[in-house]
Amino acid sequence: MRVRELHAAEAGHAVDTVFHGLSPRSRYLRFHAPVPRLTASMRRRLTDLDGRRKAAVVAECHRTPIGIGRLIATGDDTAEIALAVVDPWQRKGVGTELVNALARLAADLRYEELHGDVLGENQPMLRLVARVFPGARMTREEDDVIRVGYPLNHRLTHEELVADLRW
């Protein structure tokens with residue numbers, strides 16, 4: 001498996017492949033709604049990459065896309081991240097690699113904070129976030145959505161380190 005930046009010219013193939021590799025449950029957890037098919041407008045949004053305000057990374061195995069992580073600017077120094085991993089590759093470290101690659105890309109692009117929304121029932125993703133972003137702020141929003149925020153220059157305090165050990 002390798003993770004690399006995804007470019008606009010190849011994004012369509014990657015988006016289609018990953019979307020079709022998601023079960024209805026995985027699609028629900030990723031899009032926060034039932035999404036039986038990829039509409040033309042959704043596909044346009046997911047493949048619209050400029051390498052700065054809209055960027056993505058792809059995980060591949062034998063040149064076949066198995067996961068995508070997206071970064072979308074929400075301000076001058078903040079960006080939202082989202083990811084999807086095809087079902088057979090979930091819980092095998094692909095999501096961790098995608099999130100780490102997104103964090104490196106965001107730092108290279110000089111973003112200072114990442115954020116994202118995770119459904120409260122998506123415990124594997126919440127555990128991944130806690131593991132990869134120790135000290136991430138998690139606040140419950142409407143509709144059982146957990147808003148996650150993480151400053152890229154974050155330094156763990158003694159209290160956060162002790163709290164993480166208990167988790």
Side-chain angles (χ1 to χ4, degrees), residues 1-6 11 14-15 17-35 42 45-46 49 54-61 64-74 77-109 111-157 159-167:
M1 179 189 72
R2 76 178 183 139
V3 177
R4 64 177 179 79
E5 189 169 352
L6 182 63
V15 166
T17 302
V18 170
F19 185 84
H20 291 295
L22 299 175
S23 66
R25 174 83 176 140
S26 293
R27 290 176 187 172
Y28 173 79
L29 292 173
R30 164 58 179 91
F31 296 104
H32 300 196
V35 181
M42 285 177 64
R45 280 194 311 273
L46 293 171
L49 302 174
K54 299 172 191 168
V57 294
V58 61
E60 299 171 315
C61 183
T64 299
I66 59 172
I68 296 176
R70 290 181 36 84
L71 179 145
I72 299 142
T74 55
D77 60 358
T78 61
E80 179 178 15
I81 63 172
L83 64 128
V85 175
V86 298
D87 284 37
W89 283 89
Q90 291 178 8
R91 294 175 188 79
K92 295 182 179 178
V94 177
T96 299
E97 292 299 320
L98 286 169
V99 171
N100 282 323
L102 284 172
R104 286 190 302 273
L105 179 60
D108 289 348
L109 294 172
Y111 289 103
E112 293 180 15
E113 183 166 338
L114 297 177
H115 62 90
D117 292 340
V118 180
L119 288 177
E121 64 193 85
N122 194 348
Q123 290 299 307
M125 180 57 74
L126 291 171
R127 285 191 297 273
L128 182 153
V129 167
R131 190 175 61 253
V132 175
F133 295 139
R137 294 180 315 276
M138 296 192 194
T139 56
R140 188 169 298 277
E141 304 287 323
E142 294 180 23
D143 299 326
D144 194 33
V145 170
I146 308 296
R147 170 71 43 97
V148 177
Y150 185 75
L152 290 173
N153 60 357
H154 183 73
R155 302 265 188 250
L156 277 177
T157 66
E159 291 78 16
E160 289 171 329
L161 181 59
V162 170
D164 283 347
L165 290 174
R166 286 189 220 134
W167 208 77

### Task
Return the minimal non-hydrogen interatomic distance between Ala14 and Pro65, and the atom names on each side.
CA-CG, 3.7 Å
### Query
With side chains defined as the heavy atoms from C-beta onward, is the minimum distance between Pro34 and Arg27 less than 4.5 Å?
no
### Query
Got Ile146 and Val148 here, is their nearest side-chain heavy-atom distance under 4.5 Å?
yes
### Summary
Residues Ala136 and Val129: closest non-hydrogen pair is CB-CG1, 4.2 Å
### Query
Can you tell me how far CD of Gln123 sits from CG of Leu128, rounded to the nearest 0.5 angstrom?
12.5 Å
### Task
Measure the CG-OG distance between Asn122 and Ser26 for me, rounded to the nearest 0.5 Å.
8.5 Å
#### Entry: Value rounded to 0.5 Å, distance of CZ in Arg2 from CD in Glu97
13.5 Å
### Spacing of CG belonging to Asp77 relative to CD belonging to Glu113, to within rounding of 0.5 Å
8.0 Å
### Query
Can you list the steps and then say if Leu152 with Glu112 is a side chain to side chain contact (heavy atoms under 4.5 Å, CB included)?
CA-CA 5 Å; Leu152 290 173; Glu112 293 180 15; 5.9 Å; no
### Task
Look up atom CD in Glu5 and atom CG in Leu71, then write down how far apart they are to the nearest 0.5 Å.
10.0 Å
### Task
For Leu83 and Gly69, work out which heavy atoms get closest and say how close.
CB-CA, 3.9 Å
### Query
In Å and rounded to the nearest 0.5 Å, what is the CE to NZ distance from Met1 to Lys92?
11.5 Å
### Query
Looking only at atom types and distance, does a side-chain atom of Asn100 sit under 3.5 Å from a main-chain N or O of Thr96, one as donor and one as acceptor?
yes
### Query
Given side chains that start at C-beta, do those of Met125 and Arg127 come closer than 4.5 Å, heavy atoms only?
no
### Query
For Ala84, which residues count as a side-chain contact (heavy atoms from CB on, under 4.5 Å) partner, sequence neighbours excluded?
Val18, Leu22, Arg30
### Query
Under a 4.5 Å cut-off applied to non-hydrogen side-chain atoms, are Leu126 and Met138 in contact?
yes
### Query
Do Thr64 and Thr17 come close enough that some side-chain heavy atom pair is under 4.5 Å?
yes
### Task
Please name the pair of heavy atoms, one in Ala56 and one in Ile68, separated by the smallest distance, quoted to 0.1 Å.
CB-CG2, 4.4 Å
### Query
Using a distance-only test with no angle check, is there a side-chain donor-acceptor pair under 3.5 angstrom linking Thr78 and His115?
no
### Phe19: partners by ring-ring contact (aromatic ring centres under 6.0 Å, His included), with sequence neighbours left out
none
### Task
Tell me, please, which residues at least two apart from Asp87 pass salt bridge (Lys or Arg N to Asp or Glu O under 4.0 Å).
none
### Residues Arg25, Glu121; criterion salt bridge (Lys or Arg N to Asp or Glu O under 4.0 Å); working and verdict
CA-CA 11 Å; Arg25 174 83 176 140; Glu121 64 193 85; 2.7 Å; yes
### Task
Compare all side-chain heavy atoms of Phe133 with those of Leu114 and state whether any distance is below 4.5 angstrom.
yes
### Task
In plain terms, say whether Asp144 and Arg140 are close enough for a salt bridge, that is, a side-chain N and a carboxylate O under 4.0 Å apart.
yes
#### Entry: Val57 and its side-chain contact (heavy atoms from CB on, under 4.5 Å) partner, picked from Ile81, Leu6, Leu102
Leu102
### Task
Given side chain to side chain contact (heavy atoms under 4.5 Å, CB included), test Glu60 with Ile66 step by step and report yes or no.
CA-CA 5 Å; Glu60 299 171 315; Ile66 59 172; 5.8 Å; no
#### Entry: Check: Gln90 side chain, Val85 main-chain N or O, donor-acceptor pair, under 3.5 Å
yes
### Task
Applying side chain to side chain contact (heavy atoms under 4.5 Å, CB included), run through Leu46 and Arg70 and close with a yes or a no.
CA-CA 8 Å; Leu46 293 171; Arg70 290 181 36 84; 3.7 Å; yes
### Summary
Between Ala59 and Val94 the two heavy atoms that sit nearest each other are CB-CG1, 3.7 Å
### Query
What is the minimum heavy-atom distance between Arg91 and Pro124, and which atoms define it?
NH2-CG, 2.8 Å
#### Entry: Salt bridge present between Arg147 and Glu141 (N-O < 4.0 angstrom)
no
